[in-house]
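First up is the structure itself, then whatever we jot down about it.
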Amino acid sequence: MASYGFFDDTHREYVITRPDTPLPWINYLGSEAYFGLISNTAGGYSFYRDARLRRITRYRYNNVPLDYGGRYIYLRDDDTTEFWSPTWQPTHHELESYTCRHGLGYTVIGSTCHGIKAGILYFVPLGESLEIWQLSLTNLRESPARVSAFTGVEFCLWDAQDDAANFQRNLNIGEVEVDDGVIYHKTEYRERRNHFAFFACSEPLVGFDTQRDLFLGPYRGWDRPTAVERGQSFNSIAHGWAPIGSHHLWLELEPGETRQIIFLLGYHENPDEEKFDPAGSLTINKRTVRPIIARYLRPENVESAFAALRSYWDGLLKSLHVETPDLHTDRMVNIWNAYQCMITFNMSRSASYFESGMGRGMGFRDSAQDLLGFVHMVPARARERILDLAATQLDSGGAYHQYQPLTKRGNDQVGSGFNDDPQWLVLAVAAYLKETGDETILDVSVPYDHRSGSEQPLYEHLQRSLHYTLERLGPHGLPLIGRADWNDCLNLNTFSSAPGESFQTATHRDGKVAESVLIGGLFVLAARELAAIARWRGLEADALRYVDEAARMEAVLLRHGWDGNWFLRAYDDLGQKVGSHECVEGQIFIEPQGICPLAGIGLHDGRAEKALAAVKDNLATPNGIVLLQPAYSHYYLQLGEISSYPPGYKENASVFCHTNPWIMIAEAMVGHGDQAHDYYIRINPSAREAISDVHRCEPYVYAQMIAGRDASTPGEAKNSWLTGAAAWNYAAITQWILGIRPTLTGLEIAPVMPTNWSGFKAQRVYRGVTYHISVERAGPGNSVSLMVGGRSVAGQVLPLPPAGQAEVEVRAVLR
Ligand code: BGC
Ligand code: NOJ
């Protein structure tokens with residue numbers, strides 16, 4: 001197997017050592033409003049808040065060759081006229097050395113070519129709407145070098161979808177200004193926009209270009225721009241067509257000399273009444289943007305912004321740090337899985353190399369689950385996210401499936417009426433309360449669907465979530481599935497036979513028959529969480545009511561949702577079982593075998609263990625646990641999209657990484673630490689690094705799926721980065737296998753770890769207190785005795801220390 005790189009754990013970087021990775025291996029820049037995606041060859045794009053509505057630079061998905069369009073720099077030896085890109089793309093000129101270091105919120109790409117060493121650090125300073133490219137060039141030759149440097153970015157005309165489709169208009173509207181060496185992209189600023197982009201450089205320019213077709217030349221691509229080839233810009237000003245930003249600099253480097261050059265690409269808004277300067281002109285008012293540009297063109301400010309970014313990440317990652325006997329566990333928990341959770345916090349499912357930034361915004365169910373992985377790092381922002389999600393909830397308790405981050409308004413562009421959606425809100429709020437103890441969130445007044453006058457306390461929203469399910473029960477008393485449940489592709493009411501029809505928006509049945517066992521389990525889980533919250537708040541009557549509803553649903557599940565050896569998956573619109581040994585294909589599904597035990601169902605009557613044994617026998621593979629078996633080999637009208645995928649891919653029996661942790665957690669709940677950790681390692685990205693040629697996606701983050709045993713490419717991952725796999729794997733390993741688990745009343749320590757682990761250490765910041773935890777194994781079991789500061793404590797939940805105490809020493813002994 002080829003090697004493409006290695007983990008540098010000390011610097012918290014993944015170092016890529018050759019540019020031609022199996023797929024672009026990407027990273028993210030930005031943490032609040034200005035974001036970028038960047039690949040190991042500097043491909044990618046940037047946007048402000050919303051990847052669809054405020055796209056700053058253009059990117060062509062599905063392009064040939066792959067990953068064209070990015071943050072490009074060209075170097076040209078002005079003596080020999082040879083030119084290359086220090087990031088390999090877009091010229092593909094051979095490099096003498098190459099590395100790409102993806103770090104937390106930054107990427108450094110470095111190379112040497114023709115005796116010129118180049119390194120480019122890309123990052124977004126905290127609190128700013130701009131990205132920095134800090135280029136450093138060293139002349140390793142024994143003679144002076146005369147080098148031209150060119151930059152190249154292509155501006156997007158803001159709305160990425162319109163930009164990619166509406167050419168009859170868009171090829172006429174592009175506008176730029178070039179002023180004092182700064183390139184401004186200001187399409188539509190004249191009329192209805194108050195924002196523009198800027199592209200600045202710390203060196204005096206010898207030229208620039210803003211018109212793509214002149215810079216590149218007729219019938220040429222980014223690999224061979226005419227301006228670079230001839231060594232001179234055209235000083236073009238774009239009017240319509242395709243605005244770009246390109247600077248041209250001349251550099252003379254003495255032998256051994258190093259030069260730093262800073263480029264800034266940014267986004268800026270002006271108040272409507274101050275858009276122009278002079279007023280009445282059409283010239284951008286640059287009074288407020290100039291000082292920002294000036295600040296970051298100074299190297300000392302770049303250095304300090306970068307240091308601030310590093311310490312921001314130190315702070316976030318400090319909230320949990322572990323030292324276990326397993327390298328892959330440590331690396332993912334301490335660095336990459338936590339990092340990926342923060343990326344899903346920022347992006348939900350909107351923008352990755354598999355999500356175009358146009359199709360999906362912030363998913364309701366997705367963001368609610370992502371919260372499990374980031375709430376301990378950014379509790380205040382988690383609070384805000386919960387309130388944003390709740391404000392898109394409908395009066396019925398149902399939910400829009402997604403919202404656009406720019407407007408925060410819900411929309412049903414990817415469908416609506418997914419009947420599981422509302423339950424995830426309850427689970428998200430429960431996770432927030434367990435982490436923070438901040439019950440004030442329950443009293444915050446939140447509207448339904450942003451309608452003023454409809455405000456109700458968040459607690460009422462949660463109650464409506466439960467009632468939504470109770471008001472939609474089917475013939476067996478199980479929840480009606482609606483459009484689909486967690487599995488977007490189990491479309492039991494769609495009956496779609498029209499080519500191109502969306503499985504998530506079409507409906508050809510009234511939805512009164514098809515039921516979901518998964519939603520049943522999820523309801524029990526959510527109802528038990530809400531009951532616990534109610535009890536904690538002293539609302540005993542509510543608590544009893546939800547305990548009761550949960551018990552009622554549990555009884556229905558045991559009666560109609562149990563197949564003899566595992567939990568059923570659903571009943572379709574014809575009343576037929578889905579996920580039963582009676583089925584020809586799709587006899588067993590993973591989801592209910594995880595979610596039902598998580599809800600406490602089957603834990604005391606042996607059913608959970610039976611279901612888990614069935615998972616092991618039927619679904620577990622060396623690459624992870626597949627979603628169902630046998631895979632659907634042909635299309636079933638009554639099942640929908642799930643059977644549209646070729647066997648082994650996506651929802652049709654791939655290893656859907658989101659669901660594997662449910663099984664890990666269930667295994668931990670029944671006390672099987674070895675099995676839980678074994679499943680964890682099978683899909684742990686770092687553990688799969690050695691088979692990068694098979695896995696193909698980034699070895700430092702989870703992908704949504706790994707092709708299953710029925711696929712023709714088993715083990716091949718797809719859809720990396722934006723997946724609930726990040727949060728759930730994080731929850732499974734940290735809260736259940738390592739057993740460091742927040743509860744409403746304090747931190748619980750209940751590891752269910754592999755039997756051959758002698759112990760581990762952890763530091764966890766919880767409600768402002770740092771817990772130094774050491775776990776020792778004194779016997780093969782999972783029963784825990786806890787000592788705090790040398791004194792033994794009853795039970796598994798650590799009492800909160802007296803106010804003012806910031807550090808707690810915890811010793812846990814397992815027997
Ligand atoms: C995918 C799902 C996705 C859904 C909604 C389907 O094609 O398989 O994973 O959630 O589309 O976008
Ligand atoms: C991806 C979606 O983002 C998520 O919401 C869904 O649960 C899974 N696909 C499974 O279909």
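Whatever order the structure lists ligands and atoms in, that order sets their numbers, starting from 1. Owing to the predicted nature of the structure, the values given are computational and were not obtained by experimental measurement.
- Not counting sequence neighbours, the partners of Trp721 by the side chain to side chain donor-acceptor pair (under 3.5 Å) test are Glu698.
- Contacts of Trp486 classified as ring pair (Phe, Tyr, Trp, His ring centres under 6.0 Å), with partners at least two apart in sequence or in another chain: Phe656, His658, Trp662.
- Contact shell of ligand 2 (protein heavy atoms, cutoff 4.0 Å): Arg349, Arg360, Arg365, Asp366, Trp486, Asn487, Asp488, Glu651, Phe656, Gln704.
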(message) Let's go through Arg709 and Asn623 carefully: what are the C-alpha distance in whole Å and the side-chain angles of both, what is the deciding distance for side chain to side chain donor-acceptor pair (under 3.5 Å) to 0.1 Å, and is it a yes or a no?
(response) CA-CA 8 Å; Arg709 62 154 73 111; Asn623 286 312; over 6 Å; no
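- For Arg528 (side chain) and Ala599 (main-chain N/O), a donor-acceptor pair under 3.5 Å exists by modelled atom type.
- A donor-acceptor pair is defined here as one N or O able to donate and one able to accept, closer than 3.5 Å; such a pair exists between the side chain of Gln340 and the backbone of Tyr702.
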(message) Evaluate Tyr339 against His102 for side chain to side chain donor-acceptor pair (under 3.5 Å), listing each step before the verdict.
(response) CA-CA 12 Å; Tyr339 181 57; His102 283 318; over 6 Å; no
Sub-3.5 Å pairs, protein N or O with ligand 1 N or O:
residue	atom	partner	partner atom	Å
ligand 1	7 (O)	Glu641	OE2	2.5
ligand 1	7 (O)	Tyr645	OH	2.9
ligand 1	8 (O)	Tyr645	OH	2.6
ligand 1	8 (O)	Lys650	NZ	3.2
ligand 1	8 (O)	Glu651	OE1	2.9
ligand 1	8 (O)	Glu651	OE2	3.4
ligand 1	9 (O)	Lys650	NZ	3.0
ligand 1	9 (O)	Glu651	OE2	2.7
ligand 1	10 (O)	Asp488	OD2	2.4

(request) Test side chain to side chain donor-acceptor pair (under 3.5 Å) on Asp421 and Tyr400 and set out the steps. (result) CA-CA 8 Å; Asp421 267 332; Tyr400 285 111; over 6 Å; no
(message) Apply side chain to side chain donor-acceptor pair (under 3.5 Å) to residues Asp67 and Tyr59 and explain how you reach the verdict.
(response) CA-CA 8 Å; Asp67 194 27; Tyr59 188 76; 2.8 Å; yes
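- Taking the charged nitrogens against the carboxylate oxygens, Arg696 and Glu716 do have a contact shorter than 4.0 Å, which makes a salt bridge.
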